[in-house]
Protein chains: 2
Amino acid sequence: MTEQNSAETCKRRQVHPESIAQVQASDFREDTAQGLAELFRTLGESTRVKILHALSCAELCVCDLSELLDMTPSAISHQLRLLRASKLVRFRRSGKNVFYRLDDEHVEGLLRQGTEHVREERNI
Amino acid sequence: MTEQNSAETCKRRQVHPESIAQVQASDFREDTAQGLAELFRTLGESTRVKILHALSCAELCVCDLSELLDMTPSAISHQLRLLRASKLVRFRRSGKNVFYRLDDEHVEGLLRQGTEHVREERNI
DNA sequence: CAAACAGTTGAACATCTGTTCATATATAAG
DNA sequence: CTTATATATGAACAGATGTTCAACTGTTTG
């Protein structure tokens with residue numbers, strides 16, 4: 001029973017080599033996984049979800065968001081920083097205000113697809 | 001200067017009432033935000049992203065995933081629990097093994113859309 | 001039955017994360 | 001220049017989270 005499973009480096013469990021090979025052939029890079037995780041981590045917080053939803057309705061300044069979410073401008077600003085870092089929002093300064101809006105249509109797409117999943121998750 | 005902005009409960013900042021009304025009219029529920037955040041939080045971790053990607057290639061048992069990601073079966077199992085809780089994966093027992101696969105097409109859609117965003121985020 | 005294998009689970013620990021608070025920057029108004 | 005408003009930022013603290021370790025359940029095999 002000389003299988004093609006090399007058990008030299010360490011003891012190998014009884015696995016499914018074909019399936020494993022199939023995954024390995026897909027060439028999924030470490031940094032792609034990291035980037036995806038970082039993006040979703042940014043989306044994975046209710047305050048930031050609320051901010052993004054609000055910005056999907058209208059362009060808003062920090063002050064507006066602060067009132068809408070009933071949170072301090074500081075807290076909002078900290079979250080906007082993360083949203084900016086993940087390229088989920090853009091901003092422009094106008095006088096004393098800084099107006100934020102969604103960066104592109106991908107963001108709304110992610111929110112929509114996520115919402116659909118949550119609905120199915122609960123209804124069906 | 002009697003504005004329609006009621007400053008009774010607490011001192012109000014100079015905001016943009018029209019934009020705020022626009023957001024409030026959208027009726028975005030608290031539990032929708034929570035559900036979305038929970039979903040994305042589950043997606044927001046590189047180990048889980050790798051698991052989901054692997055499962056998008058083939059149905060796999062814990063053992064396979066353990067070898068693919070070079071992690072202990074325990075660590076994998078803990079993460080699979082979260083993925084199950086968010087209805088991102090299904091599973092079936094077959095003998096000693098438990099095989100996992102993606103729950104529905106939404107999951108791949110989210111991964112695809114996320115990947116596109118990450119690519120744009122870096123290239124452009 | 002006992003032994004081996006596959007998977008799950010709870011506790012513990014280190015790390016990460018969101019909000020608060022104080023402070024700093026920037027623009028506008030007096 | 002001084003004051004007020006709008007926003008940003010760093011430190012700090014409490015709460016959340018991922019992996020490890022040990023113990024446990026369930027299935028197959030001898």
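Basis for what follows: all heavy atoms, side chains included, without hydrogens, waters or symmetry-related copies. Residue numbers start from 1 in every chain, and the chains themselves are labelled A, B, ... in the order their sequence lines are given, proteins ahead of strands.
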TODO: Under 4.0 Å between any heavy atoms, over every strand shown, what does A:Leu65 touch: base, sugar-phosphate, or nothing? Just pick one.
DONE: nothing
Task: Atom-to-atom span, NZ of A:Lys50 to P of C:dG18 - whole angstrom - done: 14 Å
Task: Presence of A:Arg41 side-chain N/O under 4.0 Å of C:dC16 phosphate oxygens OP1/OP2 - done: no
Task: Shared hydrophobic cluster for B:Phe91 and B:Leu55 (ILVMFWY, side-chain gaps under 4.5 Å) - done: yes
Open item on the list: Check this for me: does any side-chain nitrogen of one of B:Arg90 and B:Asp103 sit under 4.0 Å from a carboxylate oxygen of the other?
Closed with: yes
Task: A:Leu65 side, atom CG; A:Leu80 side, atom CG - distance, nearest 0.5 Å - done: 6.0 Å
Open item on the list: I'd like to know if B:Arg122 pairs up with A:Asp31 as an ion pair, taking the criterion as any Lys NZ or Arg NE/NH1/NH2 lying under 4.0 Å from an Asp or Glu carboxylate oxygen.
Closed with: yes
- [ ] May I ask you to verify if any side-chain N or O of A:Tyr100 is less than 4.0 angstrom from the OP1 or OP2 atom of D:dA6?
- [x] no
Open item on the list: Output the rounded distance in Å from CE (A:Met71) to P (C:dT20).
Closed with: 6 Å
- [ ] Consider only side-chain heavy atoms of I, L, V, M, F, W and Y, link residues closer than 4.5 Å, and tell whether A:Leu43 and B:Leu111 are in one cluster.
- [x] yes
Task: Short side-chain N/O contact from B:Arg81 to OP1 or OP2 of C:dT8, under 4.0 Å - done: no
Open item on the list: Taking 4.0 Å as the cut-off, does a side-chain nitrogen or oxygen of A:Arg84 come that near to OP1 or OP2 on D:dA8?
Closed with: yes
Task: Short N-O contact, A:Lys87 and B:Glu120, less than 4.0 angstrom - done: no
Task: Proximity to the side chain of A:Val98 - top-ranked nucleotide from D:dA8, D:dT19, C:dG7 - done: D:dA8
At a cut-off of 3.5 Å, list every protein nitrogen or oxygen paired with a nitrogen or oxygen from nucleotides 21-30 of chain C, distance to 0.1 Å.
| residue | atom | partner | partner atom | Å |
| --- | --- | --- | --- | --- |
| C:dC21 | N4 | A:Ser74 | OG | 2.8 |

Task: Whole-Å distance separating the CZ atom of B:Arg92 from the C1' atom of D:dG26 - done: 17 Å
TODO: Give a yes/no on whether any side-chain N or O of B:Asn97 is located under 4.0 angstrom from OP1 or OP2 of D:dT27.
DONE: no
Task: Rounded interatomic separation in angstrom, taking CD from A:Glu38 and P from D:dT17 - done: 18 Å
Task: Nearest-angstrom distance from the residue atom CD1 of B:Ile51 to P of C:dG7 - done: 13 Å
TODO: Rounded to the nearest angstrom, tell me the gap between atom CG in A:Leu80 and atom P in D:dT7.
DONE: 10 Å
- [ ] Report yes if a side-chain nitrogen or oxygen of A:Thr47 is closer than 4.0 Å to either non-bridging phosphate oxygen (OP1 or OP2) of C:dG18; otherwise report no.
- [x] no
- [ ] If the plane angle is over 60° it's perpendicular, under 30° parallel, otherwise tilted; pick one for A:Phe28 and B:His53.
- [x] parallel
TODO: Rounded off to whole Å, could you give me the CD1-to-C1' distance for the B:Ile76 and C:dC5 pair?
DONE: 17 Å
Open item on the list: At less than 4.0 Å, is any side-chain N or O atom of B:Gln79 found next to OP1 or OP2 of D:dT19? Yes or no.
Closed with: yes
Open item on the list: Rounded to whole Å, please give me the gap between CG in B:Leu82 and P in D:dA16.
Closed with: 15 Å
